[in-house]
Amino acid sequence: MRLSSYFLPTLKETPAEAQIASHRLMLRAGMVRQSAAGIYTWLPLGWRVLRKIEQIVREEQDAAGAQELLMPTIQSADIWRESGRYDAYGKEMLRIKDRHDREMLYGPTNEELITQLFRDNVKSYRQLPKTLYHIQWKFRDEVRPRFGVMRGREFLMKDAYSFDLDFEGAKRSYETMFNAYLKTFKRMGLTAIPMAADSGAIGGNLTHEFHVLAETGESGVYYDAAYDELAAKDAIDLEALSRLYAVTDEKHDPTSPQCPPPDRLRVARGIEVGHIFYFGTKYSQAMNAVVSGPDGNPVTVEMGSYGIGVSRLVGAIIEANHDERGIKWPEAVAPFSIGLINLKSGDAACDKVCEDIYRTLSEQGVEVLYDDRDDRAGVKFADMDLIGLPWQLVVGPKGVASGMVEIKNRATDVKETLSLESALARFARGQ
RNA sequence: CGGGGUGUAGCUCAGCCUGGUAGAGCGCCAGCUUUGGGAGCUGGAUGCCGGAGGUUCGAAUCCUCUCGCCCCGACCA
C-alpha cells in the first residue's frame, strides 16, 4: 500500500477525549474514529488489525474443533422471555421495536439464539458433542463506555457454545477451549492469565477470566509468580496451571491456603480479554434443549459458553505494546509487516530503489506500507513510529549511492545498516 | 444511574468574569526554498461559538431549558 493514497488520517496532537494510551494511539494512528459514545468506525489501518486478530481467533477455534456459523445481530424478544433473561438483563440491553411493534433487541450475547438453533436441529446424543461459534458484533448499552474500543458499547466478540451429553463431556469441552484460549492469546504476543472468576449474570459454577497484564487494566489481579514460568512453556500443563493461585481482586483472599507467600504473590492490573463458563443446563432446561440418550430417554444437554473480546484485544495489545512514540505491533497482528520509508521522494535514484523494493516484496506476499509521500523525513519517521509496524526499511540518497539501506526493528528500536540484497533476503516471505 | 467537568476552525485551545464586526498554534490549499528524525518564507481557505428559547439597540459572552462528549463511582468481552 502506498501511503500517498492510503486513507490514514494521523494526528500529531492528542485528542482531548482519549485518556489511556491505546485509545490515544488508535486515534492518532488513524485506526478508529468515534461516531457516538462507545461506538466506533474502524478505518482501514485499524480494520486490518481487527481482521488479523479475528483470523487468529478463528484458526484456533477451528483447531479446537469448534465450527463457525453466523447468527444475526438483531434478535426477537421471545426467546429471551423463554430463558427468563428478557427482564433480568436490564437496561444494558438495547431494546427496539420493528414496524409492527414487535419487540426486538440488538444481541448482547447469543445463548438464547444458539440454544434455539440447537434444540430445533439436534435430536440425538450421537450428534454430540458440538461446539459452535461465531464472530459477531454485539451491543451492550454500558452506563459508561470509556477507554475507546476497550469498553465500547458496540464491540466485536467471538462467542462459542458447547453442547455435551453429560458433565464429563462438558468438562472436556471446557478444557479444550481453555487450552485454545491460551494458544490464541500467546499467538498475539500476549501473556493472558486465566483466573478463577465470578460467573456474573450468565450464571454457572465453573468459570475463568483471561486477563492480559497491562498497567492500565481495569481489574486488579493476584497471581502466583510460578505462573510466568509455566506460561513460557509451549505445552501448557493444565493440571499444574489450574493449581496455581490466580484471582481477580474481588476474589483475592490472603488467608486462603492456596494463596502463595508474599514473595511469590504478584499483584498487577489486568484487562479481561476472554471469559469462559460452564453453566450446565441453565439454558437447555429453560428452553428445552433435549436429545435422546443412549437408552432412548431424553437428556437435557450440558452447555458452556466462551467469549473473546476481539475488538477489545486491539486495545489490549496496544496497552501491552507501545512506547511514548507510538505502537509496537507484534508481528502476528501488525497491519503491515514493513514500513518502507523513502527519505527523498522525487529523487530519481531513491524512487527507483523504493519502487523495486516495494514491487519485489509485494510480489512475495510481504505486506509493505510504502511511504512515498512528498514529505520531510521527520514526518515520515514520526508517522511510522506512531503506526508501529514491526520493521522499518529506510532508503535515502546517501545509502542508495553506496547500495545500502537501513532497517529498524520497532520493538527494540535497533537499527542496522546493510546491503539492499541482504535486506530483501531478510524480509523475503517465510523468514 | 448518582457526582464532577466540558462543548468556539480538521486537532489542541484562548476569548466568556466585565455584552460591541470570531482568534492563536498546528493541520489544510497555492507558490518558492527544502528533504538523514513532526521544516522555512509568502499568500490563501475554513466557523449555525452544540441546539432551542429568553434578556438587550446588540449575545460566543448574561438567564432558562435541552442535547452531545469526557472524568470519578456501582456493572461487563
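Per chain, numbering begins at 1; letters A, B, ... match sequence-line order.
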Once you apply a heavy-atom cut-off of 4.0 Å, does [X] come out as touching a base, just sugar-phosphate, or nothing?
X        : value
A/Asp347 : nothing
A/Gly396 : base
A/Pro108 : nothing
A/Gly152 : base
A/Arg33  : nothing
A/Val394 : base

Spacing between [X] atom [atom1] and [N] atom [atom2], to the nearest angstrom:
X        : N      : atom1 : atom2 : value
A/Phe277 : B/rC76 : CZ    : C1'   : 9 Å
A/Arg312 : B/rA77 : CZ    : C1'   : 5 Å
A/Arg373 : B/rU34 : CZ    : C1'   : 17 Å
A/Asp371 : B/rG38 : CG    : P     : 15 Å
A/Gln34  : B/rC69 : CD    : C1'   : 7 Å
A/Asp375 : B/rC26 : CG    : P     : 15 Å
A/Leu8   : B/rG27 : CG    : P     : 17 Å
A/Leu11  : B/rG10 : CG    : C1'   : 9 Å

Nucleotide nearest [X] when distance is taken to its side chain, options [options]:
X        : options                : result
A/Arg140 : B/rC69, B/rG38, B/rA77 : B/rA77
A/Glu272 : B/rA77, B/rC69, B/rC1  : B/rA77
A/His275 : B/rA77, B/rG38, B/rC72 : B/rA77
A/Val379 : B/rC69, B/rG38, B/rU35 : B/rG38
A/Gln19  : B/rU35, B/rG36, B/rC71 : B/rC71

Between A/Phe210 and the options A/Ile193, A/Ile276, A/Thr184, the side chain to side chain contact (heavy atoms under 4.5 Å, CB included) test singles out A/Ile276

From the list A/Asp371, A/Leu369, A/Leu43, side chain to side chain contact (heavy atoms under 4.5 Å, CB included) partner of A/Tyr6 resolves to A/Leu369

Side chains of A/His252 and A/Tyr245: do they bring a donor and an acceptor to under 3.5 Å? yes

Assess, by modelled atom type and distance only, whether the side chains of A/Ser419 and A/Ser422 contain a donor and an acceptor separated by less than 3.5 Å. yes

Worksheet item: Taking atom C1' in both B/rA60 and B/rG23, what distance in whole Å separates the two?
Response: 12 Å

Would you say the base of [N] and the side-chain of [X] have a donor-acceptor pair closer than 3.5 Å?
X        : N      : result
A/Arg151 : B/rC76 : yes
A/Arg28  : B/rG27 : no
A/Glu13  : B/rG38 : no
A/Lys380 : B/rG36 : no

Given that both distances must come in under 3.5 Å, which nucleotide forms a Watson-Crick or G-U wobble pair with [N]?
N      : answer
B/rG31 : B/rC41
B/rG36 : none
B/rC62 : B/rG54
B/rG25 : B/rC11

| request: Take the angle between the ring planes of A/Phe163 and A/Phe118 and call it parallel below 30°, perpendicular above 60°, tilted in between. | output: parallel

Exercise for the section: Measure up the A/Tyr174 and A/Phe178 rings against each other and bin them: parallel (under 30°), tilted (30 to 60°), perpendicular (over 60°). Expected result: tilted

| Does the distance from a Lys or Arg side-chain N to an Asp or Glu carboxylate O, for A/Glu416 and A/Arg426, drop under 4.0 Å? | yes

For a quick test of reading the model: is some side-chain N or O of [X] closer than 4.0 Å to OP1 or OP2 of [N]?
X        : N      : result
A/Arg144 : B/rC71 : yes
A/Lys91  : B/rC1  : yes
A/Arg376 : B/rU35 : no

Comparing nearest nucleotides in RNA chain B, the 5'-proximal residue of the pair A/Arg325, A/Gly309 is A/Arg325

Taking for A/Ser35 and for A/Gly274 the nucleotide of RNA chain B with the nearest heavy atom, the one nearer the 5' end belongs to A/Ser35

Practice problem: Would you please determine if the base of B/rA77 is stacked by A/Phe155, with stacking meaning a centroid separation under 5.5 angstrom and planes under 30 degrees? | Solution: yes

